[in-house]
Amino acid sequence: MPTLLKGETCYPSLNGKSVFITGGGTSIGAAMVERFCLQGAKVAFVDIADEPSRGLCSRLAEQHQVTPLYLHCDIKDVEALKDAISEAQKAHGDISVLINNAADDTRHDMDELTVEYWDERLAINLRPCFFSAQAVAPQMQRQGGGSIINLGSISWRLKQTCMPAYTTAKAGIEGLTRSLAGQYGKDHIRVNTLIPGWVMTPRQISRWVNPDIAKEIQANQCIKENLQPDDIVNAALFLAADDSRMLTAQTLIVDGGWV
Ligand SMILES: NC(=O)c1ccc[n+]([C@@H]2O[C@H](COP(=O)([O-])OP(=O)(O)OC[C@H]3O[C@@H](n4cnc5c(N)ncnc54)[C@H](O)[C@@H]3O)[C@@H](O)[C@H]2O)c1
């Protein structure tokens with residue numbers, strides 16, 4: 001087993017588990033790939049950003065002697081997503097943990113939104129969460145259980161404007177989570193939504209976090225510190241591990257106390 005980072009909680013139940021993460025090439029997803037690898041999990045991830053994804057694999061091999069499996073896959077293509085899940089299963093065995101992390105929060109104008117763009121936003125931000133769960137469920141059933149973690153967003157609770165298709169998808173994820181939890185509870189497959197607050201990823205900092213937004217974040221969070229990707233990963237590790245074995249159909253919000 002690779003060496004855990006200093007101070008990192010060890011989850012023995014994750015050692016050797018087959019974990020599948022969407023959007024694992026950058027930001028929060030990349031932190032998930034790294035830290036599940038450090039728990040001894042066999043990690044496969046999909047992304048469309050080839051360069052950072054391959055760079056992540058090289059860095060992890062060099063720094064930690066772990067080798068996640070990177071598969072190029074646009075999750076809008078449901079058949080390609082199912083193929084990637086099959087490939088991960090062949091490489092690492094039946095998947096025990098599925099993390100639906102990939103999303104695209106590109107801002108879009110209310111008045112200019114077309115039917116095609118609406119469908120495309122939902123095809124990235126909601127539809128894959130259902131079809132990936134449908135694909136991994138038989139694998140989890142064979143093993144007597146599993147954990148599915150869907151990444152939501154506080155944005156719709158804050159009535160945030162500028163991206164109605166994204167916020168609708170993220171609200172839908174919470175409904176989907178509870179439906180799947182009801183469907184698969186008898187198989188000991190747990191399904192939860194993990195909701196990050198405003199996390200200081202390079203993308204957020206470069207695109208949207210200007211001084212006014214930074215002030216708004218500080219004013220609204222109870223804890224006046226910036227959220228980092230690792231704060232979200234800490235919760236994901238817990239939700240994936242057997243330590244949360246009776247926790248399902250829930251929404252866990254890690255936002256420093258904003259909503
Ligand atoms: N960062 C935040 O402040 C924040 C806040 C609330 C919710 N979230 C949620 O947390 C999750 C991770 O957020 P993030 O900030 O790390 O996102 P991000 O946009 O920085 O990274 C998303 C990753 O998904 C990949 N991706 C995008 N479209 C894809 C596609 N069609 N097929 C395959 N891969 C694709 C990207 O290349 C990228 O590596 C998302 O679900 C997001 O909605 C993030």
Any [X] side-chain heavy atom under 4.5 Å of [Y] side chain:
X: R121; Y: T106; value: yes
X: L227; Y: V254; value: yes
X: M32; Y: L151; value: yes
X: W118; Y: T168; value: yes
X: D105; Y: R207; value: no
X: L237; Y: T9; value: no
X: V115; Y: D119; value: yes
X: H72; Y: V46; value: no

For [X], does the [atom1] atom have more than 12 heavy-atom neighbours from other residues, nucleotides or ligands under 6.0 Å away?
X: H188; atom1: NE2; value: no
X: K186; atom1: NZ; value: yes
X: E225; atom1: CD; value: no
X: L247; atom1: CG; value: yes
X: R178; atom1: CZ; value: no
X: E51; atom1: CD; value: no

Exercise. Where do Y166 and S155 come nearest, in terms of heavy atoms and distance?
Worked result: CE2-OG, 3.7 Å

For this session: Could you tell me which non-hydrogen atom of C129 sits nearest to which non-hydrogen atom of I173, and how far apart they are?
Result: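 Scanning both residues completely, I find the closest heavy atoms to be SG-CD1, 3.9 Å.
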
Between the main-chain N or O of [Y] and the side-chain N or O of [X], is there a donor-acceptor pair closer than 3.5 Å?
X: K215; Y: P211; value: no
X: N192; Y: Q250; value: yes
X: Q39; Y: Y11; value: yes
X: S147; Y: L239; value: yes
X: T177; Y: V191; value: no
X: N125; Y: L122; value: no
X: H108; Y: A165; value: yes
X: K170; Y: S153; value: no
X: D77; Y: A80; value: yes
X: T201; Y: S27; value: no

For this session: Can you run down the ring-ring contact (aromatic ring centres under 6.0 Å, His included) pairs that involve residues 35-60, sequence neighbours left out, and say none if there aren't any?
Result: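 Every pair satisfying ring-ring contact (aromatic ring centres under 6.0 Å, His included) with a residue in residues 35-60: F45-Y70.
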
Exercise. Just checking, is any N or O donor in the side chain of W156 or E174 under 3.5 Å from an acceptor N or O on the other one?
Worked result: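 Note: W156 and E174 side chains meet the donor-acceptor criterion.
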
Exercise. Does the distance from a Lys or Arg side-chain N to an Asp or Glu carboxylate O, for R59 and E62, drop under 4.0 Å?
Worked result: no

Problem set entry | Carboxylate-amine/guanidinium contact D109 R107, below 4.0 Å | no

For this session: Would you please name every residue forming a salt bridge (charged side-chain N to carboxylate O under 4.0 Å, His left out) with R35, sequence neighbours left out?
Result: E8, D230

For this session: Using the test salt bridge (charged side-chain N to carboxylate O under 4.0 Å, His left out), find all partners of R190 that sit at least two apart in sequence or belong to another chain.
Result: none

Problem set entry | Which residues share a side-chain contact (heavy atoms from CB on, under 4.5 Å) with D187, sequence neighbours left out |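 Here the qualifying residues are Q141, Y184, I189.
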
For this session: Scan residues 247-259 for pairs that pass salt bridge (Lys or Arg N to Asp or Glu O under 4.0 Å), counting only residues two or more places apart or in two chains.
Result: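 Found none.
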
Seminar exercise, completed: Here the side chain to side chain donor-acceptor pair (under 3.5 Å) pairs for residues 91-100, sequence neighbours left out, are Q89-D94, D94-R142, S96-Q143, N100-S132, N100-N150

For this session: Would you kindly check if the NZ (Lys) or CZ (Arg) of R203 is within the cone defined by 45 degrees around the ring axis of W208 and under 6.0 Å from the six-membered ring centre?
Result: no

